[in-house]
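We count ligands from 1, going down the list as the structure has it; atoms in each ligand are counted the same way. Start at 1 with the first residue, then count along the sequence. When reading the values below, keep in mind they use all heavy atoms of this one structure, side chains included, and skip hydrogens, waters and symmetry mates.
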Amino acid sequence: MSSPYYVTTPIYYVNGPPHIGHIYTTVVVDVMARYRRLVGEDVYFLTGTDEHGQNIERAARDHGISPQEHADQIVAAYPPLYQALHVTNDDFIRTTEARHAVGVEAIIARIAAAGDLYVGSHDGWYCASCEAYYTEKELAPGNICPTHETPTEWRSEENLFFRLSKYQDALLRWYDEHEAAVQPESRRNEVRAFVEAGLRDLSVSRHGLTWGIPFPEHAGHTVYVWLDALTNYISALGFGHAEHTLYDRFWAHDGDSDGGTGQRTHAGKRIHVVGKDILRFHAIYWPAFLMSAGLPLPTSVVAHGWWLRDQRKVSKSSGNVVDPGELIEHFGADPLRYFLLREMVFGQDASFSDEAFVDRYNSDLANDLGNTVSRVLTLSRRAFDGCTPPSRGEGPLETAATEAVASYRAAMDDLAFHRALEALWRLLSQANQFLVAREPWKKMKDPDARDEVAETLWNVIEATRIVASGLTPFMPEKSEQVLTALGASVPASVDGLGWGGTGYEVPLPETAPLFPRIDKAVYLADAARPASGGAQGAASPGGAAKKETKSKNAKPKASGAKKAGGESSVIDIDQFFETELRVANVLEAEAIPKSNKLLKLTVDAGEEAPRTVVAGVAKQYQPEELVGKQVVIVFNLKPAKLMGVESNGMVLAASEGDGAVLVRPIEPVTPGTRVR
Ligand code: ME8
């Protein structure tokens, strides 16, 4: 039987529409769920919304509507967004649902039965956005909340308390005995140190706050929003209900034994993925509640870093949110999914900028993936009558592919998504280099070279197929398009990543471009975005903030050029990016008759076919010493005829006196790579 794999996102507050930070966690969990399904596990993926508490009550009041109406309005944004993003959640829980309240009441009954609740008075500094008390030590000067950078308020109230301090030792034991309990390790150490410094009991009810679940047997009190919210992870599975098959399957079997600790066990995986902002709640409070209730603990709480903009966490309270709807509209869902998973080193913070987004799209997707696929397919169609090759010869790329898949799988197990993608891109680059080195376009008409051409193209198609198969959890729609273009199908399991899946003489119909290049200057100017994500207003779904952004950030175009220090003229970044510089491999070089200055170079700039560039370096270089070297060319220069030869671009060289020294990358890179 396949093993259970339960994975959750946090349930998001409904105080504002989902932004890029929420989307990130959701996409991460979707990638995990999709990959685990490929591995053959019994996956259940839960997400949802956190709808109670003072925060939401305030937001509703600001809008002049009831908290429930407010929650309903915000929640309405989720289904279309998740659908557009290809999110495959199995359930979506809202904490205002009756099924959730049943679970909360049931866990409280167990905590009360364990003798872990008492009435006490509480005073301290309270952050309404966190819905948590802070000690003075934890606050920034001026009693400012460390997460939201907003003032906290002094509160005094009589509440129900949970004996959190009683679980200090058990928690420390849990961290020590379970390496995976809190990930990554640096976060585990942080949490451990916090617990070791001493835990105070936790107030788990709020007096006088009506927007919450009534605290059982304590009229006038509602359940503290974090005890309410954390319980979603089991209430959604049916905990507290007579019928709870999902709960049995994914959290605890009725018959699970505890070895005498009062703690039930369960063999499956139970993984909570959260941002580092809410790690304390998940890695301390939640396991302590479960210990008290005698229920199994999660197998892992995994914390990731923050998306930052202008060096600050992207958040509604910072007013710097990035609207996922706008990005999906421009680029499609899959490039957004790819960018989020590739750009952030899982666990660390990353900065979001439109510029970085367009760059990654153009270099990784349009150039590396899109061009490789279209190039090898064009060649195969031309050589083999519109089909994949009729034979495969040896497998010169097999070892590279096997190694890439092993690294990819290890990285997926470690939740190092950026490394998994890097492994696939390494294979893509090896396949490309192999193609360039074999030069099949030169041999296609030679009947004696037919087997060699078949071997070359089959190997490159197969390596590309494996890359696209590995991409299915990341870019479900685009990877399917790539696989269809390659005459292959979407793998049903990880076995599809094994060598040998490409068929012989499979028809390869022409397809639409997979990742059309985005003109960055036009995109940034259109959206009136600052090139490096500088200070600006939030982009809201309604687009109002976008217009405001435009007027604030609209940049003068070419007129931006000024003289600086009386020397060079200053251009802005958009103007620079109008010049497209790319790395190219010199495939052939020859002198141009009657010219003592010019050489004709045939270069591979990552396109379907090589291009010709004329370079004025004949005095410095012999043609043969340039073959096999990498150069940098101006890729989007208007073609010009020089000594009767059409030049499609210009080769960059440093001019020194009369001479010219060619510019090249200090390490080899994939031909076509953008230079900036
Ligand atoms: O905390 N970068 O809800 P929330 C990365 N309701 N991830 C981010 C992010 C950013 N800038 N901003 C938000 C709550 N996130 C509670 C959770 S769970 C029982 C209750 C993601 O709407 C990240 O996963 O403030 C973070 O932990 C979560 O959204 C917080 O969402």
Which residue owns the protein heavy atom closest to [atom], what's the atom, and how far is it?
| atom | result |
| --- | --- |
| atom 29 (O) of ligand 1 | His22 CD2, 3.3 Å |
| atom 1 (O) of ligand 1 | Ile278 CG2, 3.4 Å |
| atom 13 (C) of ligand 1 | His19 CE1, 3.8 Å |
| atom 17 (C) of ligand 1 | Ile11 O, 3.1 Å |
| atom 9 (C) of ligand 1 | Gly21 CA, 3.4 Å |

Can Glu355 and Ser353 be counted as having a side-chain donor-acceptor contact under 3.5 angstrom?
->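 No, no side-chain donor-acceptor pair sits under 3.5 Å.
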
Does the side chain of Asp201 pick up a donor-acceptor pair with the side chain of Tyr118 at under 3.5 Å?
-> yes

Is it true that Phe281 lies under 4.0 Å from ligand 1, counting heavy atoms only?
->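 Distance cut 4.0 Å: Phe281 fails for ligand 1.
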
Could you go through the side-chain contact (heavy atoms from CB on, under 4.5 Å) check for Asp413 and Tyr35 one step at a time?
-> CA-CA 9 Å; Asp413 285 342; Tyr35 179 71; 4.2 Å; yes

Mutual orientation of the aromatic rings belonging to [X] and [Y] [parallel < 30°, tilted 30-60°, perpendicular > 60°]:
| X | Y | answer |
| --- | --- | --- |
| His221 | His207 | tilted |
| Tyr44 | Tyr6 | tilted |
| His330 | Tyr523 | perpendicular |

Compute the shortest N/O to N/O distance between [X] and ligand 1 and return yes if it is under 3.5 Å, no if not.
| X | value |
| --- | --- |
| Tyr13 | yes |
| Ala229 | no |
| Asn232 | no |
| Trp307 | yes |
| Val274 | no |

May I ask you to list the atoms of ligand 1 that are less than 4.0 angstrom from any heavy atom of [X]?
| X | result |
| --- | --- |
| Asp50 | 6 (N), 16 (C), 20 (C) |
| Thr25 | 21 (C), 23 (C), 24 (O) |
| Gly305 | 5 (C) |

Taking the six-membered ring where the residue is Trp, are the ring centres of Trp251 and His272 under 6.0 Å apart?
-> yes

Specify side chain, backbone, both or neither for [X], according to which of its non-hydrogen atoms lie closer than 4.0 Å to ligand 1.
| X | value |
| --- | --- |
| His282 | side chain |
| Asp277 | side chain |
| Val314 | both |
| Tyr233 | side chain |

For Arg188 and Glu179, run side-chain contact (heavy atoms from CB on, under 4.5 Å): C-alpha distance rounded to whole Å, both residues' side-chain angles, the deciding distance at 0.1 Å, then the answer.
-> CA-CA 9 Å; Arg188 180 164 64 126; Glu179 220 173 76; 3.9 Å; yes

State, with a plain yes or no, whether a side-chain heavy atom of Phe339 is found less than 4.5 Å away from one of Leu327.
->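 Result no, sub-4.5 Å side-chain heavy-atom pair not found.
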
Checking Arg155 against Tyr126: charged group under 6.0 Å from the ring centre and within 45 degrees of the axis?
-> yes

Look up atom CH2 in Trp226 and atom NE2 in His282, then write down how far apart they are to the nearest 0.5 Å.
->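 If we round to the nearest 0.5 Å, Trp226:CH2 and His282:NE2 are 5.5 Å apart.
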
